[in-house]
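Every chain is numbered from 1 and lettered A, B, ... according to where its sequence line falls, protein lines coming before strand lines. Because the structure is predicted, anything quoted here is derived from the model rather than measured. Quick note: numbers below take in every heavy atom, side chains included, and nothing from hydrogens, waters or symmetry partners.
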There are 2 protein chains.
Amino acid sequence: MAIDKSLVTGSTTMLILKLLEEADMYGYQMIEELNKKSKNVFELKAGTLYPLLHTLEQKELVTSYEQTADNARVRKYYSITKKGHKYLCDKKEEWKTFISAVNDVLGAANYATA
Amino acid sequence: MAIDKSLVTGSTTMLILKLLEEADMYGYQMIEELNKKSKNVFELKAGTLYPLLHTLEQKELVTSYEQTADNARVRKYYSITKKGHKYLCDKKEEWKTFISAVNDVLGAANYATA
DNA sequence: TTGACATATATAGATTGTCGATATATAATG
DNA sequence: CATTATATATCGACAATCTATATATGTCAA
């Protein structure tokens with residue numbers, strides 16, 4: 001599957017925050033969830049995700065805490081903040097504006113209805 | 001208007017080719033058309049467009065020819081090639097795949113129907 | 001028990017696409 | 001005559017992602 005990576009640019013943060021809106025998650029889990037939910041279209045790489053999570057934490061859109069799993073493996077969970085919720089909400093509006101604009105140009109009423 | 005520029009990444013080529021599918025155009029005209037059709041969401045910059053057009057010409061997705069307008073100003077028109085048509089068709093499929101995947105993650109049936 | 005693979009996080013360097021700034025030149029407008 | 005719009009072009013900067021690499025532990029099969 002997978003698509004031209006440059007299409008993904010700009011939407012990754014939105015998608016990660018959306019996952020965290022549903023439940024706290026650790027990095028590796030996000031990669032799997034995103035892959036599963038998108039039916040293998042998004043194959044987010046660890047080298048993309050971890051730096052991104054650190055950035056989101058710096059911006060206070062997420063917070064993190066460590067938790068030990070059954071198998072004694074330590075996982076770093078991320079949780080969305082109030083600021084993160086607000087940010088996600090804005091990004092979703094931008095996303096709607098964006099796809100509407102693309103579809104206006106494509107003249108493709110079948111692609112989206114904003 | 002205008003949105004986060006990183007969202008635009010990857011879709012610009014598709015939009016330009018789409019414009020050329022409707023009619024031959026010169027660079028400056030494409031900027032205006034794109035702005036108009038997208039209701040001012042896409043404010044494509046000359047510094048983005050011209051290098052892109054040169055790349056598309058190298059890839060043989062478009063060809064160009066010069067034409068003198070009424071006011072004696074010389075314009076460089078671009079025309080989509082057969083290869084360009086094929087490429088656009090593929091890109092549109094990718095676009096559909098992409099927005100479906102994003103909407104699968106967002107769980108937003110209202111954003112698109114692929 | 002050892003080697004391979006999945007899990008889990010992390011960083012460095014390369015690549016790509018867009019932008020702002022700058023340059024040039026002509027036409028139209030005040 | 002000066003400013004703005006038209007029209008094309010290039011360069012350096014920047015942001016986001018990727019590949020490659022590193023580290024370490026758990027699981028499973030040969």
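If you check residues 49-59 of chain A against DNA chain C, the residues with a heavy atom closer than 4.0 Å are A/Tyr50, A/Pro51, A/His54, listed by number. Residues from residues 8-24 of chain B that place a heavy atom under 4.0 Å from any atom of DNA chain C, listed by number: B/Val8, B/Thr9, B/Gly10, B/Thr12.
Residues passing the salt bridge (Lys or Arg N to Asp or Glu O under 4.0 Å) test with B/Lys59: none are found, sequence neighbours excluded. Every residue was checked against the salt bridge (Lys or Arg N to Asp or Glu O under 4.0 Å) condition with B/Lys76, not counting sequence neighbours, and none meets it. By the salt bridge (Lys or Arg N to Asp or Glu O under 4.0 Å) test, A/Lys83 pairs with A/Glu60, sequence neighbours left out. Take A/Asp24 and apply the side chain to side chain contact (heavy atoms under 4.5 Å, CB included) test, not counting sequence neighbours, and it matches A/Tyr65, A/Tyr77, A/Ser79. Residues satisfying the salt bridge (Lys or Arg N to Asp or Glu O under 4.0 Å) criterion with A/Glu21, sequence neighbours excluded, are A/Lys18. Take B/Thr9 and apply the side-chain hydrogen bond (donor to acceptor under 3.5 Å, both in side chains) test, not counting sequence neighbours, and it matches no residue. Partners of B/Glu22 according to the side-chain hydrogen bond (donor to acceptor under 3.5 Å, both in side chains) rule, which considers only residues two or more places apart in sequence or in another chain, are B/Lys37. Residues forming a side chain to side chain contact (heavy atoms under 4.5 Å, CB included) with A/Ala23 (at least two apart in sequence, or on another chain): none. With sequence neighbours left out, A/Glu57 forms a side-chain hydrogen bond (donor to acceptor under 3.5 Å, both in side chains) with A/Ser64.
In this structure, A/Asp104 contributes its side chain and B/Ser38 its backbone to no donor-acceptor pair below 3.5 Å.
Note: OH (B/Tyr65) to C1' (D/dA7) measures 16 Å, nearest angstrom. As rounded to whole Å, 12 Å separates atom C1' of D/dA16 from atom CG of A/Leu44. In this structure, B/Arg75 atom CZ and D/dA9 atom C1' are separated by 17 Å, rounded to whole Å. Rounded to an integer number of Å, the gap from NZ of B/Lys76 to C1' of D/dA9 is 9 Å. For the pair B/Phe42 CZ and C/dT18 P, the computed distance is 11 Å after rounding to whole Å. Separating the CG atom of A/Asn35 from the C1' atom of C/dT7 is a distance of 15 Å, rounded to the nearest angstrom. For A/Leu7 and D/dC18, the CG to C1' distance is 15 Å, given to the nearest whole Å. Counting to the nearest Å, the P atom of C/dC19 and the CD1 atom of B/Ile3 are 10 Å from each other.
A/Glu66 comes within 4.0 angstrom of nothing in the nucleic acid, heavy atoms only. B/Gly27 comes within 4.0 angstrom of the backbone, heavy atoms only, and of no base.
Side-chain nitrogen and oxygen atoms of B/Lys45 include none within less than 4.0 Å of the OP1 or OP2 phosphate oxygen of C/dG17. Proximity of B/Tyr26 to the phosphate of D/dA7: a side-chain N or O atom is located under 4.0 Å from OP1 or OP2. OP1 or OP2 of C/dC19 has at least one side-chain nitrogen or oxygen of B/Thr48 nearer than 4.0 Å. Close to C/dG17, at under 4.0 Å from its OP1 or OP2, lies no side-chain N or O of B/Lys5.
In this structure, B/Ser11 and B/Val8 approach most closely via the heavy-atom pair OG-O, 2.6 Å.
For the pair A/Tyr78/A/Leu53, a side-chain contact is recorded, criterion being any heavy-atom separation below 4.5 Å from C-beta on.
Nearest-nucleotide positions on DNA chain C place A/Ile31 closer to the 5' end than the other of A/Ile31 and A/Ser6.
Listed nucleotides C/dC19, D/dA16, D/dA7 differ in distance to B/Tyr28; the shortest reach to its side chain belongs to D/dA7.
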Between the protein and nucleotides 25-29 of chain D, list every N/O to N/O distance that falls short of 3.5 Å.
residue	atom	partner	partner atom	Å
D/dT25	O2	A/Arg73	NH1	3.3
D/dT25	O2	A/Arg73	NH2	2.6
D/dG26	O4'	A/Arg73	NH2	3.0

